[in-house]
Number of protein chains: 2
Amino acid sequence: MIATSTDVSKPKVATRKRLIDAAARLFALHGYNGLTMRSVALDAQANIAAANYHFGSKDAMVLEMLRERVQPINERRLELLNQAKNNQAGRPLTTHQIFHSLIFPIGEEISKSTKSRCSLAQLVARTFTEPVHFIEKMHQRFFSQIADIYYLELSLVYPNAPAREIYWHLHLAVSSMLGALAQHRRLNDFSRGHCAENDVGAMITRLIQFITHGFDRGIKTQF
Amino acid sequence: MIATSTDVSKPKVATRKRLIDAAARLFALHGYNGLTMRSVALDAQANIAAANYHFGSKDAMVLEMLRERVQPINERRLELLNQAKNNQAGRPLTTHQIFHSLIFPIGEEISKSTKSRCSLAQLVARTFTEPVHFIEKMHQRFFSQIADIYYLELSLVYPNAPAREIYWHLHLAVSSMLGALAQHRRLNDFSRGHCAENDVGAMITRLIQFITHGFDRGIKTQF
DNA sequence: GAGTTTTTCAAACAAGCGTTTTAATTGATT
DNA sequence: AATCAATTAAAACGCTTGTTTGAAAAACTC
């Protein structure tokens, strides 16, 4: 259908990839409703019917695009988490290590695509503020299991803290991360030029610290 | 035109108010692109042309709705901030006091409208993730001066910290606040029932603490 | 209560939406 | 070179969008 087993052809997969890339950029910029099949086709220099041919529908296209963008980040998260656990050799992790593994991979992906910089940050953030029916499809599919894993790790660090507190603070941490990603492009204006928004590394480092402090102190002052 | 000086009539202003309320709810639920004039008219039990008659256009209607929702919150913020300053009688404020005055008023407004609960949180948050052209209009109009005031207060608390650090951490604080508001409705699912999302007071209290810790420790560890 | 203004209403407008259809074109395998 | 599936292309489908129109209704003024 789409690709044979010995696939070395170029223009065939190219259109599909161009559509995905265009969809990613336009979704990040304008959200689900603001993304139109025509704008995607125009941006990808493809025909209006191409997207429907390759993906079947707008919904399917956007979900596939999100899958391709989110999956590598989630895989990297678990990789870093397991790496840290191996280094600790049985001793409990620090919350900084845990949040580092959660947030750092996003920074890596943002830095990779030097061209579309902020768009990935916005893309990830937008998946959490899009129209209800669409989030639910996506959120359950890509993030619910990750959330479970991180809850478990944090509850191991604070075995005496009640589940409610762990959940509350993890929720605040994740929400803060998403907020920071969503607002990042405003940093330059907001700071009146004092902070450069193209310094993704600085953003990620500070974000990890900020969230770690918020989480740790919030739990520790009670237990 | 719309209302005389001795205004005791009901149905005249009622339609306009019903439109604003409907616009607020639908904007919070579906965002700017997801809000349609027809859906607003239907929700407000008004004619399709009513909104255009009263406001001129969709853009003008939504901006007016935002103004009516955001302005009282901003006024209350400055009220609480000045209250705290008077209580301190010249001594520097604590960051907790500052962030309390920033965040608490939103909680008050959310609690007021018991009917549409989470919708205000989502509404405020959505104003920051909506299509670019629309944010810029709105953000500059309602939030830029507030940001300046809070930067100033925080720089008085940490007079030795460079402006860059204050801006960075304030940006993270505001972003976290917005993220938490945007994600609040997901709290119940996220925590697998451990945290009740209808407890707005608990959310606000924890959020203020979380952000204060993130801000304070981030600045203090460096200066 | 006539006259004027303000507000409501149903209907229609052009433009844009996701999707479908049908035909032309491509490219690899036979 | 011929064949056949995979892909692209142009045009149109039915539907929804924000906005406009012109007349009816309501409210207010004098």
Side-chain angles (χ1 to χ4, degrees), chain A residues 1-24 26-27 29-66 130-131 133-134 137-138, chain B residues 1-24 26-27 29-66 130-131 133-134 137-138:
Chain A
M1 282 289 206
I2 287 164
T4 61
S5 56
T6 58
D7 182 25
V8 281
S9 59
K10 231 190 223 163
K12 266 201 269 185
V13 290
T15 299
R16 198 189 132 96
K17 179 168 166 36
R18 270 183 289 130
L19 287 168
I20 291 273
D21 289 344
L26 294 171
F27 178 82
L29 276 175
H30 306 120
Y32 181 77
N33 283 318
L35 172 151
T36 71
M37 300 299 264
R38 283 170 176 80
S39 65
V40 170
L42 188 73
D43 195 286
Q45 301 192 68
N47 192 266
I48 313 171
N52 272 294
Y53 169 75
H54 281 283
F55 306 101
S57 70
K58 177 182 173 179
D59 264 49
M61 177 179 68
V62 177
L63 282 174
E64 173 61 18
M65 177 275 289
L66 289 175
E130 280 302 294
H133 80 96
F134 192 74
K137 269 193 206 172
M138 202 266 336
Chain B
M1 283 290 206
I2 286 164
T4 64
S5 56
T6 58
D7 182 24
V8 281
S9 60
K10 237 194 217 156
K12 264 202 272 187
V13 289
T15 299
R16 198 190 130 97
K17 180 169 164 32
R18 270 184 290 130
L19 286 169
I20 291 273
D21 289 344
L26 294 171
F27 178 82
L29 276 176
H30 305 119
Y32 181 77
N33 284 317
L35 173 150
T36 72
M37 299 300 264
R38 283 169 176 82
S39 66
V40 170
L42 187 73
D43 195 287
Q45 301 191 67
N47 191 268
I48 311 172
N52 272 295
Y53 169 75
H54 280 284
F55 306 101
S57 71
K58 177 182 172 179
D59 263 50
M61 177 180 68
V62 176
L63 282 175
E64 173 62 18
M65 176 275 288
L66 289 175
E130 279 303 294
H133 80 97
F134 190 75
K137 271 193 206 173
M138 203 266 335

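The basis for the numbers below is simple: all heavy atoms, side chains too, and nothing from hydrogens, waters or symmetry mates. In the text below, chain A, chain B and the rest are named by the order of the sequence lines, each starting its count at 1.
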Discussion item. Return the CG to NZ distance between Leu19(B) and Lys17(B), rounded to the nearest 0.5 Å.
Written reply: 11.0 Å
Worksheet item: With no hydrogens and no angle check, is any side-chain donor or acceptor of Lys58(B) less than 3.5 Å from a backbone partner on Tyr32(B)?
Response: yes
Worksheet, complete the sentence: Atom CG of Leu19(B) and atom C1' of dT8(C) are separated, to the nearest Å, by 12 Å
Worksheet item: How long is the span from the CG atom in Leu42(B) to the CG atom in Asn47(B), to the nearest 0.5 Å?
Response: 11.5 Å
Worksheet item: Side chains of Leu63(A) and Phe55(A): closer than 4.5 Å at any heavy-atom pair?
Response: no
Practice prompt. Have a look at Ala49(A) and say if it touches a base, only the backbone sugar-phosphate, or nothing, with a 4.0 Å heavy-atom cut-off.
Written response: base
Fill in: Spatial distance of atom CE (Met138(B)) from atom CD (Glu130(B)) [nearest 0.5 Å]
9.5 Å
Discussion item. Distance check needed: dT20(D) C1' versus Lys58(B) NZ, whole Å only.
Written reply: 17 Å
Discussion item. I'd like to know whether Met65(A) forms a side chain to side chain contact (heavy atoms under 4.5 Å, CB included) with Val40(A), so could you lay out the CA-CA distance, the side-chain angles of the two residues, the decisive distance to 0.1 Å, and finally the verdict.
Written reply: CA-CA 12 Å; Met65(A) 177 275 289; Val40(A) 170; over 6 Å; no
Worksheet item: Atom CZ of Phe55(B) to atom P of dT19(D): distance rounded to whole Å?
Response: 13 Å
Discussion item. Just verifying a value: how many Å separate Asp21(A) CG and Asp43(A) CG, rounded to the nearest 0.5 Å?
Written reply: 9.0 Å
Worksheet entry | Nearest-Å distance for atom pair CD1/C1', residues Ile48(A) and dG16(C) | 11 Å
Item to complete: Go through dT7(D), dT19(D), dC9(C) for me and flag the one nearest to the Asn47(B) side chain.
Response: dC9(C)
Worksheet item: At their closest point, which heavy atom of Ala51(A) faces which heavy atom of Met37(A), and how far apart are they?
Response: CB-CE, 3.6 Å
Worksheet item: How close or far is atom C1' of dA6(D) from atom CZ of Arg16(A), stated in whole angstroms?
Response: 14 Å
Worksheet item: Do any of residues 35-42 of chain A sit with a heavy atom less than 4.0 Å from DNA chain D, and if so which?
Response: Arg38(A)
Practice prompt. Measure the angle between the two terminal helix axes of the helix from dG1(C)-dC30(D) to dT30(C)-dA1(D), five base pairs each, and quote it to 10°.
Written response: 10°
Worksheet item: Just how far, in rounded Å, is P of dC17(C) from CG of Asn33(B)?
Response: 10 Å
Practice prompt. Please state how far atom OH in Tyr53(A) lies from atom C1' in dT7(D), giving the value in whole angstrom units.
Written response: 5 Å
Worksheet item: Starting at CG of Asn52(A) and ending at C1' of dT19(C), how long is that distance when rounded to a whole Å?
Response: 5 Å
Worksheet item: Does Ser57(B) have a side-chain nitrogen or oxygen under 4.0 Å from the phosphate oxygens OP1 or OP2 of dG18(D)?
Response: no
Practice prompt. Please state whether the phosphate of dT8(D), meaning OP1 or OP2, lies under 4.0 angstrom from any side-chain nitrogen or oxygen of His54(A).
Written response: yes
